[in-house]
Amino acid sequence: MKARLFTDGGARGNPGPAAYGFVLEAEDDTVLASEGQAIGVATNNVAEYRALIAGLERAVELGIEEVEVVSDSELLVKQMRGEYRVKNEVLRALNRQAAGLASRLRAVRYTAVRREHNELADRLVNEALDAAAS
């Protein structure tokens, strides 16, 4: 099975209260899984990686073989493609964890998009942040 994994992470302040969101869709746009989760205080980049890891974990659990990861984080996409080095030690550990999960799938492709093309995952992030703040 092939799927698209839309991921987003955000922090209000950097670092600040942070959350991630992901939406895993089948090729016919059916939502297979989605989640928004507050993760405490973190940077935006940590939240982006946590979204990717959570989404890849779910894809592995569901037995999905091929995933197109869609993210509005150009940094995450380029780091996962190997185009940018991961200099930050915390991000390096998260990058290794994500790469390990990706290696359990037959194929993973990373695509960077503008924020407006990642609305559902972005909304899940903001809902999780709002819920954690109240």
Side-chain angles (χ1 to χ4, degrees):
M1 177 190 288
K2 295 181 183 180
R4 277 181 311 279
L5 173 60
F6 296 88
T7 67
D8 196 22
R12 293 184 178 159
N14 202 19
Y20 70 77
F22 75 82
V23 179
L24 190 60
E25 288 184 352
E27 289 180 286
D28 65 0
D29 296 334
T30 302
V31 175
L32 302 171
S34 65
E35 182 179 339
Q37 175 103 19
I39 59 170
V41 174
T43 65
N44 186 62
N45 291 331
V46 166
E48 294 281 4
Y49 267 101
R50 293 282 304 273
L52 174 62
I53 289 165
L56 288 173
E57 285 173 342
R58 193 73 178 111
V60 168
E61 287 170 9
L62 292 173
I64 293 168
E65 297 173 343
E66 295 183 29
V67 172
E68 178 187 9
V69 174
V70 180
S71 172
D72 60 25
S73 171
E74 187 175 341
L75 178 76
L76 177 132
V77 167
K78 291 198 175 209
Q79 286 179 339
M80 290 305 298
R81 286 181 184 162
E83 295 173 23
Y84 285 177
R85 282 187 359 177
V86 186
K87 298 174 187 171
N88 179 287
E89 194 172 320
V90 173
L91 294 185
R92 206 168 25 248
L94 293 169
N95 178 277
R96 277 194 303 271
Q97 187 178 354
L101 286 162
S103 73
R104 295 173 63 185
L105 303 170
R106 186 171 55 194
V108 179
R109 190 170 82 242
Y110 297 92
T111 303
V113 296
R114 294 170 57 98
R115 173 169 287 143
E116 56 267 20
H117 299 294
N118 201 16
E119 290 177 33
L120 212 49
D122 183 61
R123 186 170 3 154
L124 291 171
V125 169
N126 285 299
E127 288 172 0
L129 286 168
D130 292 344
S134 59

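Side chains are part of it too, since the values below use all heavy atoms of this structure and drop only hydrogens, waters and symmetry mates.
Take Arg123 and apply the side chain to side chain donor-acceptor pair (under 3.5 Å) test, not counting sequence neighbours, and it matches no residue. Shown here are the side chain to side chain donor-acceptor pair (under 3.5 Å) partners of Glu119, two or more places apart in sequence or in another chain: there are none. Residues passing the side chain to side chain donor-acceptor pair (under 3.5 Å) test with Glu65, sequence neighbours excluded: Arg106.
Both Leu105 and Leu76 belong to a single network of hydrophobic side chains, linked directly or stepwise wherever heavy atoms of I, L, V, M, F, W or Y lie under 4.5 Å apart. In the hydrophobic cluster analysis, where Ile, Leu, Val, Met, Phe, Trp and Tyr join through side-chain heavy atoms closer than 4.5 angstrom, Tyr20 is grouped together with Val60. Phe6 and Leu62 fall into different hydrophobic clusters, where Ile, Leu, Val, Met, Phe, Trp and Tyr side chains are chained together by heavy-atom contacts under 4.5 Å. Both Val108 and Leu5 belong to a common hydrophobic cluster when Ile, Leu, Val, Met, Phe, Trp and Tyr are linked at side-chain heavy-atom distances under 4.5 angstrom.
None of Val31, Thr7, Ile64, Thr30 except one satisfies the side-chain contact (heavy atoms from CB on, under 4.5 Å) rule with Leu24; the exception is Ile64. The only member of Asp29, Val67, Val23 that meets side-chain contact (heavy atoms from CB on, under 4.5 Å) when paired with Arg4 is Asp29.
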Anything under 3.5 Å between a donor and an acceptor, one on a side chain of residues 48-57, the other on a protein residue two or more places apart or in another chain? List them.
{"from": "Glu48", "atom 1": "OE1", "to": "Gly9", "atom 2": "N", "distance (Å)": "3.2"}
{"from": "Tyr49", "atom 1": "OH", "to": "Gln79", "atom 2": "OE1", "distance (Å)": "2.7"}
{"from": "Tyr49", "atom 1": "OH", "to": "Asn95", "atom 2": "ND2", "distance (Å)": "3.0"}

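Here the side chains of Leu32 and Met1 are in contact, with some heavy-atom distance below 4.5 Å. Using a 4.5 Å heavy-atom threshold, the side chains of Ser34 and Leu124 count as touching.
In terms of heavy-atom proximity, Ala47 sits nearest to Gly10 at CB-N, 3.5 Å. Residues Ala102 and Tyr110 approach most closely at CB-OH, 3.7 Å, considering heavy atoms. Between Ala128 and Gly36, the closest heavy-atom pair is CB-C, 3.9 Å. Of all non-hydrogen atoms in Ala42 and Ala11, the two that sit nearest each other are O-CB, 3.4 Å.
Separating the CZ atom in Arg115 from the OG atom in Ser73 is a distance of 10.0 Å, to the nearest 0.5 Å. Taking CE of Met80 as the reference point, atom CZ of Arg109 lies at 14.5 Å (rounded to 0.5 Å). With rounding to the nearest 0.5 Å, the separation of CD in Glu61 from CG in Leu101 is 9.5 Å. Note that the CZ atom of Arg114 and the CD atom of Glu74 stand 11.5 Å from one another [nearest 0.5 Å]. Separating the CD atom in Glu83 from the NZ atom in Lys78 is a distance of 5.0 Å, to the nearest 0.5 Å.
In this structure, Asn88 contributes its side chain and Leu91 its backbone to a donor-acceptor pair below 3.5 Å. For Arg92 (side chain) and Val86 (main-chain N/O), a donor-acceptor pair under 3.5 Å exists by modelled atom type.
With no hydrogens or angles considered, no side-chain donor-acceptor pair links Asn45 and Thr43 at under 3.5 Å.
For residues 6-17, every residue pair satisfying the salt bridge (charged side-chain N to carboxylate O under 4.0 Å, His left out) rule, not counting sequence neighbours, is listed here: Arg12-Asp130.
Around atom CD of Glu89, no more than 12 heavy atoms belonging to other residues, nucleotides or ligands sit under 6.0 Å away.
Grouping Ile, Leu, Val, Met, Phe, Trp and Tyr residues whose side-chain heavy atoms lie under 4.5 Å apart, directly or via other members, places Val125 in a hydrophobic cluster with Leu129.
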